[in-house]
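Report on the following structure.
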Amino acid sequence: MNLNMFVQHFINALGLGSLYGLIAIGYTMVYGILRLINFAHGDIFMLGAYFVFFATIQYKLPWELGVIIAIVGATLCGLLVDRVAYRPLRNAPRISALISAIGVSFFLENLAVVVFTGMPRAVVQPPWLMKPILVGGVRFIPLGLMVPSISFVLVGGLLWVVYRTKPGLAMRSISYDIETTRLMGVSVDRIIALTFALGSGLAALAGIMWALRYPRVEPFMGIFPGFKAFIAAVFGGIGSIPGAMVGGLALGFVEIMSIAFFPHLSGYKDAFAFVLLIVILLIKPTGLMGEKMEEKI
Amino acid sequence: MSSARTTGASTTRTRNGLLNLLSLAALLYFLWWAPTNLDGYKLRVINLIAINGILGLSLNLIYGIAGMFSLGHAGFMAIGAYVSALLILTPAQKVTQWILEPIAPWLLNFQVPFIISLILAGLAAAFVGWLIALPVLRLGGDYLGIATLGFAEIIRILIVNLTPITNGSLGLKGIPAHTDLWMSYGCFLVILVFVTRLMNSNFGNVLRAVRDDEVAARTMGVDTFRVRTLAFTLGCFGGGLGGALMGNLITTIDPKMFMITQTYNLLMIVVVGGLGSITGSVIGSILVTTMLEWLRFVENPITLGSLRIPGIPGMRMVIFSVLLIAVIIFRREGIMGTREFSWNWFFPPLKQPEGKTPDDIDDILEERRRGR
């Protein structure tokens with residue numbers, strides 16, 4: 001493998017990894033606050049991709065508008081999911097909310113089959129994103145650089161929200177102790193809704209960029225990216241936003257590089273993430289940047 | 001006084017034993033009557049109820065009774081189905097089916113009777129479950145669920161890729177339809193009796209203790225890791241057995257059958273019936289299996305006089321998932337909670353013993369669980 005090829009793979013891995021990271025942020029924020037694996041998150045990602053597909057290709061709206069519609073639509077769906085399926089279970093055993101999440105995921109996937117039909121649809125990529133640029137023997141397309149840049153800017157913005165604003169303070173406070181936060185006069189439900197909205201918006205954006213990278217949409221497209229992003233969140237240390245990004249990038253690199261160096265393993269591509277998950281859980285159950293968990297007695 | 005109490009209890013027990021025998025006889029009569037009087041589709045659904053009952057009971061043992069959130073049951077089913085199919089297919093069938101790559105030579109001439117293949121299928125799944133349990137059961141709660149889900153996916157991906165052994169994504173066809181009502185209900189009854197005995201044994205108490213408070217159980221000197229590993233392995237045996245029966249009922253298997261959806265269906269059975277209730281799993285299996293089949297009508301075109309409503313593909317699963325969410329929101333504890341069936345519901349116990357009956361204790365425990 002020469003250097004040019006390596007740079008090519010590097011850019012690919014960066015793109016895939018930053019997408020995993022964007023989805024992982026939604027998992028990590030919800031888990032950090034509610035201790036709930038939001039299984040429906042991957043399906044919000046799918047909805048984002050579908051909304052942009054319908055807006056731009058079916059209804060011929062400009063891309064900018066389509067992206068906004070998709071983000072707003074997916075955010076509303078995320079809020080609705082929280083309101084209908086999770087909020088009634090706030091005081092229930094955690095396992096109930098988890099099963100509810102599985103039900104929601106199942107529901108969204110099959111609703112997509114009913115509404116959009118199960119047939120995969122091709123996404124037409126805007127030509128300017130695809131025009132190859134040649135820099136010293138490395139060919140890349142603007143999309144390859146755009147995806148990681150947008151992702152990093154968004155994560156920066158999110159970190160600002162979480163660490164520098166009042167709602168962000170409330171979020172961190174809830175993740176530390178939900179009851180005390182409630183007593184301090186914070187509207188916990190509203191902050192949780194905000195968390196879902198932020199996570200869903202980012203997932204929708206990731207879905208849009210995913211649909212541009214792998215130009216097709218189908219109802220079950222969220223399952224595997226969803227699982228992998230959750231694994232990225234666990235890998236980076238669940239509850240930590242930078243950790244989610246680091247975990248996503250690590251996963252992207254493992255996946256792309258292992259296939260680049262060992263092409264005969266490409267059939268096992270989807271298994272790498274799970275192997276990585278099990279290894280990390282066994283070595284460091286709280287992830288790379290996770291806090292120490294103590295046994296509560 | 002105490003002698004009267006014992007007599008009352010023992011007469012009740014004799015009566016309940018007789019009623020058990022009577023229901024068993026009714027079931028046997030039904031199994032004898034059904035094949036000649038019902039069509040193939042109905043028979044398949046009735047078979048599926050028993051198979052899903054086995055799978056639900058085994059998942060309930062892991063999850064409801066031992067408290068280990070496992071999302072890996074489909075993986076163990078896959079192992080069972082493949083092991084059984086590979087042991088049953090004739091060498092001639094094997095040669096013609098492996099198209100992409102020839103079958104591994106050491107597998108070609110293996111052939112055993114159906115029953116032995118079932119046991120080996122269960123043992124294979126149990127062995128893999130045991131191997132997985134060793135590292136994974138150190139994790140708790142949600143992490144355990146995700147890790148078992150990961151293992152199930154890894155098993156599925158291995159099946160897709162190990163073409164010389166599994167025939168890859170093409171799957172296996174022409175498995176003889178060995179699973180009949182006697183076979184599926186026979187296995188179901190064996191598992192049912194086994195799980196009931198296990199639950200009422202000291203081991204059952206230990207399992208519940210570990211589920212309710214692991215730290216306390218450990219303080220009492222319970223080797224919690226060993227107990228959980230054993231329960232997990234036993235549950236995996238049931239998963240493998242159910243998978244093998246399923247393969248021999250449907251006669252074709254492929255990796256797609258064992259996706260996470262399969263685990264969700266089983267989870268639905270356990271949750272709807274009531275986590276930790278054996279009766280609940282049986283009722284859950286009957287309800288969910290028939291409901292899943294019955295709901296197929298929404299996917300077929302319906303003609304009402306001159307009005308023709310086209311079938312909506314996917315609608316079945318939409319309704320199904322709405323039901324799952326509704327159950328978990330409005331009746332979290334499922335149909336049975338943690339209670340068990342008792343003949344005393346229909347007939348008052350012949351002589352009411354003084355103090356708390358086991359049923360009362362179950363109610364008290366149920367109250368406490370809900371209160372938490």
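Just so you know, these numbers use all the heavy atoms, side chains as well, and skip hydrogens, waters and symmetry mates. Lettering of chains follows the sequences in order, A, B, ..., and the numbering in each one begins at 1.
Looking at B:Phe320, only its side chain comes within 4.5 Å of chain A, counting heavy atoms on both sides. For a residue to count as touching a neighbouring chain, one of its non-hydrogen atoms must lie under 4.5 Å from one of that chain's; by this rule B:Leu267 touches chain A with the side chain only. For A:Val115, no part lies near chain B; criterion is any non-hydrogen pair under 4.5 Å. If you measure heavy-atom distances from A:Phe272 to chain B, you find no contacts under 4.5 Å at all. For a residue to count as touching a neighbouring chain, one of its non-hydrogen atoms must lie under 4.5 Å from one of that chain's; by this rule B:Arg316 does not touch chain A. In this structure, chain B has a heavy atom under 4.5 Å from the backbone of A:Arg35, while its side chain stays farther away. Contacts between A:Phe220 and chain B at a heavy-atom distance below 4.5 Å are absent for every atom of the residue. Looking at B:Val271, only its side chain comes within 4.5 Å of chain A, counting heavy atoms on both sides.
Looking at every heavy atom in both residues, B:Ile325 comes nearest to A:Ala85 through CG2-CB, 4.4 Å. The nearest pair of heavy atoms linking B:Arg332 to A:Pro88 is NH2-O, 4.3 Å. The heavy-atom pair separating B:Ile329 from A:Val84 by the smallest distance is CD1-O, 3.3 Å.
The distance from the CE atom of B:Met315 to the CG atom of A:Leu111 is 8.0 Å, given to the nearest 0.5 Å. In this structure, CZ in B:Phe69 is found 7.0 Å from CD1 in A:Ile37, a value given to the nearest 0.5 Å. If you take CD1 on B:Ile328 and CG on A:Leu98, they are separated by 9.5 Å, rounding to the nearest 0.5 Å. Separating the CG atom in B:Asn161 from the OG atom in A:Ser266 is a distance of 8.0 Å, to the nearest 0.5 Å.
Counting heavy-atom pairs closer than 4.5 Å to chain B, the top-ranked of the candidates A:Val234, A:Val104, A:Ile223, A:Val114 is A:Val114. Taking chain B as the reference chain and counting heavy-atom pairs below 4.5 Å, the highest number among A:Leu89, A:Val113, A:Ile99, A:Leu36 is found for A:Ile99.
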TODO: For side chain to side chain contact (heavy atoms under 4.5 Å, CB included), just list the numbers for A:Phe107 and B:Met317, CA-CA rounded to whole Å, side-chain angles, deciding distance to a tenth of an Å, and then say yes or no.
DONE: CA-CA 7 Å; A:Phe107 172 75; B:Met317 295 322 256; over 6 Å; no
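With contacts defined as side-chain heavy-atom distances shorter than 4.5 Å, the pair B:Ser321/A:Glu109 does not qualify. Contact annotation: the side chain of A:Ile102 approaches that of B:Leu71 to within less than 4.5 Å [non-hydrogen atoms, C-beta and beyond]. Side chains of B:Ile154 and A:Tyr268 form no contact here, defined as non-hydrogen atoms less than 4.5 Å apart.
A:Phe106 has its ring centre less than 6.0 Å from the ring centre of B:Tyr264.
Evaluation of the side chain to side chain contact (heavy atoms under 4.5 Å, CB included) rule for B:Val222 yields B:Val206, B:Val210, B:Ala217, B:Thr224, B:Val227 as partners, not counting sequence neighbours.
Applying the side-chain hydrogen bond (donor to acceptor under 3.5 Å, both in side chains) definition to pairs two or more places apart or across chains, none involves residues 112-123 of chain A.
The number of heavy-atom neighbours closer than 6.0 Å to CZ of B:Phe127, taken from other residues, nucleotides and ligands shown, is 12 or below.
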